[in-house]
Visitor: 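A single structure is presented below for examination.
Letters go in sequence order (proteins before strands), and every chain restarts at 1. This one's a predicted model, so the numbers in the text were calculated from it and none came from an experiment.
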Amino acid sequence: MSKTPSRSTPQAIRGTQDIFGADAEAFAFVVETFERVRKLYRFRRVEMPVFEKTEVFARSIGETTDIVSKEMYTFEDRGGDSLTLRPEFTAGIARAFLTNGWQQHAPLKLATHGPIFRYERPQKGRYRQFHQIDAEIVGAAEPQADVELLAFADQLLKELGIAGVTLHLNTLGDGDSREAWRAALVEHFRAVRGELSEDSQERLEKNPLRILDSKDRRDRAFVADAPKIDQFLSDDARAFFEAVTSGLDAAGVKWTRADGLVRGLDYYRHTAFEFIPDEGSEAASKLGSQSTVLGGGRYDGLMESLGGAPTPAVGWAAGIERLAMLVGEPTESSSDLIVVVEDDTRLTEAFGLMRSVREQGFSAELIAEGSNRKRFDKAKKKPHDVIVSLQQNMGHSVSHENSDAPVLQAIKPYA
RNA sequence: GCGAUCGUAGCUCAGUUGGUUAGAGCGCCGGUUUGUGGUACCGGAGGUCGCGGGUUCGAACCCCGUCGAUCGCCCCA
């Protein structure tokens, strides 16, 4: 047994987590399911660096919010370059697309997953190092890319067994639509500025679209009669959105229109979406105030901010920990076989048996420590199909509830 | 960055208005019992009560600070 850590044992960094046990199993289930479904949709696997030059994120995210100045893990390396631990996948993928000449593969369907870093106050479902799965279609201007991407997300959530979650869908229109809408919103809210919450008065200057999802009571009345994006959509933008929605209907993806759903960053165009737990659902209570399960949108404006040619793209990301909170307790996997050594002289025999069983593709665990008498009881407490107990004088016993257990074939001399 | 609640054994927690050697259950280790068996009983290890300072004759308990956790606000790529 290890001793209690002394006072000098370093603590884990705030907002990081050591995932173990049932949580780790749920985490792995999310990743494995993602990998399986991603292959069904023929998304190609990509591995990305965990850090990039700071400008990769600074230029793509822009200066509109606190993100760049306050919420990234940015540091100087020994060469004096400013680097940042990735706070998202999209910007790095865009950079890779440009620097590697992946235009030649366009339209390119990519999937990846891994750790993400954001310097934020930890709370329920929110960590400083957390993990995302991510899917992008780069170099595809057509609405069917949005449909395919969303069908992937929808099927993934279904296969994870996550219920009570609905796709909330909106369009931000093309660049001109978006700007006209934004200007109208600013005008609308400026007229009632004094009656808005303090937070929203500030948002009016920094990020007016965000007033639309204010939780403050004082703002709600003005949000309700705020101008809608639909009034500002160009014919093309309207047609694009209709193509997306009719495609989703055809693909059997359920959705609901959320005309207040926005993206804060300027590079977003057209489709914006979030899968959100239904009010009062089990999923909603499990997630607390961190409600979005999976979110994304079309980012046709991103490549240009990184100095590339205009390149249409659409993608989504989802927090693995949050998904894992919703998949429920996976049943602990049981070993096909447990070998109990109740007489230490038979330990070598046990080693041979273990190896043989495992080579035949069965999982097996050995129990050969502690009091001889209590070893069998210990084995009974672990999930298993079959227990073989090696006792004194070359005797043995086999215990199982199911005489069809496949592993019995692999241990015939004992069974 | 702001606010609230919390921090006692590996885990879940108790600890009475501040008062002797800080407790329970589970888990762990050992023994006895049982003997094809997740039994029962006995015993044991394991805590400077998150950390630092203060008040007091005396602090797990009161005060300040700090670190961490949890929940919410801000932010949400």
Side-chain angles (χ1 to χ4, degrees), chain A residues 1-17 20-21 52 56-73 84-94 116-128 130 132 134 197-200 202-203 206-207 209-210 213-216 261-268 272 274 285 287-292 295-297 299 302 305 315-319 322 338 340 342 367 369-384 387-389 391-392 395-401:
Chain A
M1 291 293 286
S2 65
K3 302 202 75 169
T4 303
S6 73
R7 256 172 296 156
S8 62
T9 301
Q11 290 177 310
I13 303 297
R14 168 172 232 190
T16 63
Q17 27 172 4
F20 175 69
E52 298 273 356
V56 169
F57 306 111
R59 284 171 58 180
S60 62
I61 289 167
E63 305 301 328
T64 48
T65 69
D66 292 345
I67 291 173
V68 171
S69 57
K70 294 181 180 164
E71 295 174 9
M72 298 199 309
Y73 272 95
T84 295
L85 301 180
R86 65 184 178 202
E88 59 160 2
F89 277 113
T90 307
I93 286 175
I116 297 289
F117 304 85
R118 297 182 183 178
Y119 193 86
E120 297 180 295
R121 193 70 171 264
Q123 51 187 278
K124 191 170 199 172
R126 189 169 184 172
Y127 304 92
R128 287 182 172 179
F130 62 106
Q132 285 188 339
D134 181 274
S197 67
E198 296 77 14
D199 284 333
S200 285
E202 229 177 281
R203 284 191 272 244
K206 291 163 67 179
N207 207 347
L209 299 194
R210 282 293 168 197
D213 46 31
S214 167
K215 290 168 184 166
D216 196 297
L261 193 155
V262 297
R263 299 275 91 135
L265 305 187
D266 291 337
Y267 58 65
Y268 281 102
E274 295 179 6
S285 64
L287 289 179
S289 67
Q290 305 302 312
S291 56
T292 297
Y299 52 94
L302 173 57
S305 68
W316 56 251
R322 279 189 205 171
I338 297 180
V340 181
E342 294 195 81
I367 293 184
E369 67 281 305
S371 166
N372 278 359
R373 279 213 175 88
K374 290 182 176 167
R375 290 177 187 175
F376 192 87
D377 289 348
K378 221 183 271 182
K380 290 291 279 186
K381 288 182 186 172
K382 290 175 178 279
H384 64 273
I387 296 176
V388 167
S389 173
Q391 298 162 324
Q392 279 185 310
H396 69 263
S397 70
V398 178
S399 161
H400 57 78
E401 258 126 61

Visitor: Under a 3.5 Å cut-off for both distances, is B:U20 Watson-Crick or wobble paired, and to whom?
Guide: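 Its partner: none found.
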Visitor: Please measure how far the C1' atom in B:U70 lies from the corresponding atom in B:C29, and state the result in whole Å.
Guide: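 Result for the C1' pair: 34 Å, nearest Å.
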Visitor: Write down the distance between CD1 (A:I61) and P (B:C75), rounded to a whole number of angstrom.
Guide: 16 Å
Visitor: With a 4.0 Å limit, can you tell me whether A:S371 has a side-chain N or O closer than that to the phosphate oxygens OP1/OP2 of B:C29?
Guide: no
Visitor: Between A:Q123 and B:C71, does any side-chain N or O lie under 4.0 Å from OP1 or OP2?
Guide: no
Visitor: Which part of the nucleic acid, if any, lies within reach of A:R203 when heavy atoms closer than 4.0 Å are counted: base, sugar-phosphate only, or nothing?
Guide: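 Since only primed, P, OP1 and OP2 atoms lie under 4.0 Å of A:R203, the category is sugar-phosphate.
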Visitor: Would you mind reading off the distance between A:K378 atom NZ and B:C28 atom P, rounded to a whole angstrom?
Guide: 8 Å
Visitor: Write down the distance between CG (A:L287) and P (B:U70), rounded to a whole number of angstrom.
Guide: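 Rounded to the whole Å, the gap is 15 Å.
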Visitor: Measure the distance from NZ on A:K124 to C1' on B:C74 and round it to the nearest whole Å.
Guide: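 To the nearest whole Å, that distance equals 20 Å.
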Visitor: Is there side-chain contact between A:Y119 and A:R128, with heavy atoms separated by less than 4.5 Å?
Guide: yes
Visitor: Measure from CG on A:L209 to P on B:C76 and round the result to the nearest Å.
Guide: 10 Å
Visitor: Contact class for A:G370 (heavy atom, under 4.0 Å): base, sugar-phosphate, or nothing?
Guide: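 Sugar-phosphate only.
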Visitor: For the P atoms, the ones on B:G53 and on B:U20, what distance do you get once it is rounded to whole angstrom?
Guide: 23 Å
Visitor: For the pair A:F57 and A:V68, evaluate side-chain contact (heavy atoms from CB on, under 4.5 Å) and give the outcome as yes or no after the intermediate values.
Guide: CA-CA 8 Å; A:F57 306 111; A:V68 171; 5.9 Å; no
Visitor: Paired with B:G3: which nucleotide, if any, by Watson-Crick or G-U wobble criteria at under 3.5 Å for both distances?
Guide: B:C71
Visitor: Using only side-chain N and O atoms of A:N207, determine if any of them is under 4.0 Å from OP1 or OP2 of B:C76.
Guide: yes
Visitor: Using the side-chain contact (heavy atoms from CB on, under 4.5 Å) rule, take A:D134 and A:I116 through it: C-alpha gap first, then chi angles, then the decisive distance, then the call.
Guide: CA-CA 11 Å; A:D134 181 274; A:I116 297 289; over 6 Å; no
Visitor: Can you confirm whether A:Y73 is buried at OH, in the sense that more than 12 heavy atoms of other residues, nucleotides or ligands lie under 6.0 Å from that atom?
Guide: yes
Visitor: Distance check, P atoms only: B:A4 and B:C41, in whole angstrom units.
Guide: 48 Å
Visitor: Between A:R14 (CZ) and B:C51 (C1'), how many Å, whole number?
Guide: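 Nearest whole value for this atom pair: 15 Å.
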Visitor: Starting from the C-alpha separation in whole Å, work towards a yes-or-no answer on side-chain contact (heavy atoms from CB on, under 4.5 Å) for A:M72 and A:I67.
Guide: CA-CA 7 Å; A:M72 298 199 309; A:I67 291 173; 4.3 Å; yes
Visitor: What integer distance in Å separates A:N372:CG from B:C29:P?
Guide: 13 Å
Visitor: Over how many whole Å does the gap from A:E369 atom CD to B:C29 atom C1' extend?
Guide: 12 Å
Visitor: Applying a 3.5 Å limit to both distances, which nucleotide forms a Watson-Crick or G-U wobble pair with B:G46?
Guide: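 No nucleotide pairs with B:G46.
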Visitor: Would you mind pulling out the nucleotide paired to B:C61, Watson-Crick or G-U wobble, both distances under 3.5 Å?
Guide: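 The base-pairing partner of B:C61, which may sit in any strand shown, does not exist here.
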Visitor: Mapping A:R121 and A:V262 onto RNA chain B by nearest heavy atom, which one lands closer to the 5' end?
Guide: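 First, find each residue's nearest nucleotide; the 5'-ward one identifies A:R121.
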Visitor: Starting at the 5' end of RNA chain B and moving along, which residue's nearest nucleotide shows up first, A:Y127 or A:F117?
Guide: A:Y127
Visitor: Taking the same atom, C1', in B:C2 and in B:G18, what whole-Å distance lies between them?
Guide: 34 Å
Visitor: Could I get a table of every N or O pair under 3.5 Å where one atom is in the protein and the other is in nucleotides 32-39 of chain B?
Guide:
{"from": "B:U32", "atom 1": "OP2", "to": "A:R373", "atom 2": "NH1", "distance (Å)": "3.0"}
{"from": "B:U34", "atom 1": "O4", "to": "A:R373", "atom 2": "NE", "distance (Å)": "3.1"}
{"from": "B:G35", "atom 1": "O6", "to": "A:R373", "atom 2": "NE", "distance (Å)": "3.2"}
{"from": "B:G35", "atom 1": "O6", "to": "A:R373", "atom 2": "NH2", "distance (Å)": "3.4"}
{"from": "B:U36", "atom 1": "O2", "to": "A:S397", "atom 2": "OG", "distance (Å)": "3.3"}
{"from": "B:G37", "atom 1": "O6", "to": "A:S397", "atom 2": "OG", "distance (Å)": "2.8"}

Visitor: Report yes if some heavy atom in the side chain of A:T90 is under 4.5 Å from a heavy atom in the side chain of A:L302; otherwise report no.
Guide: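 SC-SC contact between A:T90 and A:L302 confirmed.
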Visitor: For residues A:E71 and A:P87, determine if any side-chain heavy atom of one lies less than 4.5 Å from a side-chain heavy atom of the other.
Guide: no
Visitor: Are A:K380 and A:S399 close enough, and set up right, to give a side-chain contact (heavy atoms from CB on, under 4.5 Å), and what steps lead you there?
Guide: CA-CA 9 Å; A:K380 290 291 279 186; A:S399 161; 3.9 Å; yes
Visitor: Could one point to a donor on the side chain of A:R126 or the base of B:C75 with an acceptor on the other under 3.5 Å away?
Guide: yes
Visitor: What contact category does A:Y119 fall into here, base, sugar-phosphate, or nothing, at under 4.0 angstrom with non-hydrogen atoms?
Guide: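 Answer is nothing: A:Y119 stays at 4.0 Å or more from every strand.
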Visitor: With a 3.5 Å limit on both atom pairs, tell me what B:C26 is paired to, counting Watson-Crick and G-U wobble, or say none.
Guide: B:G10
Visitor: I'd like the P distance from B:A60 over to B:A9, given in whole Å.
Guide: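 The answer is 14 Å between these two P atoms.
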Visitor: By the 4.0 Å heavy-atom rule, please label A:G15 as base, sugar-phosphate, or nothing.
Guide: sugar-phosphate
Visitor: Please check if the number of heavy atoms outside A:E369 that lie under 6.0 Å from its CD is greater than 12.
Guide: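 Yes, the 6.0 Å shell around CD holds more than 12 heavy atoms from other groups.
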Visitor: Have a look at A:E120 and say if it touches a base, only the backbone sugar-phosphate, or nothing, with a 4.0 Å heavy-atom cut-off.
Guide: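 Counting heavy atoms under 4.0 Å across all strands, the contact made by A:E120 includes a base.
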Visitor: Using atom P in both nucleotides, what's the gap between B:U8 and B:U34 to the nearest angstrom?
Guide: 42 Å
Visitor: Who is the Watson-Crick or G-U wobble partner of B:C41, with both distances under 3.5 Å?
Guide: B:G31
Visitor: Quantified in whole Å, what is the C1' atom distance between nucleotide B:A40 and nucleotide B:G35?
Guide: 14 Å
Visitor: Taking the C1' atom of each, how far is B:G15 from B:C74, in whole Å?
Guide: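 Looking at atom C1' only, B:G15 and B:C74 are 39 Å apart.
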Visitor: Please tell me if the side chains of A:R118 and A:F130 come closer than 4.5 Å, counting only heavy atoms from C-beta onward.
Guide: yes
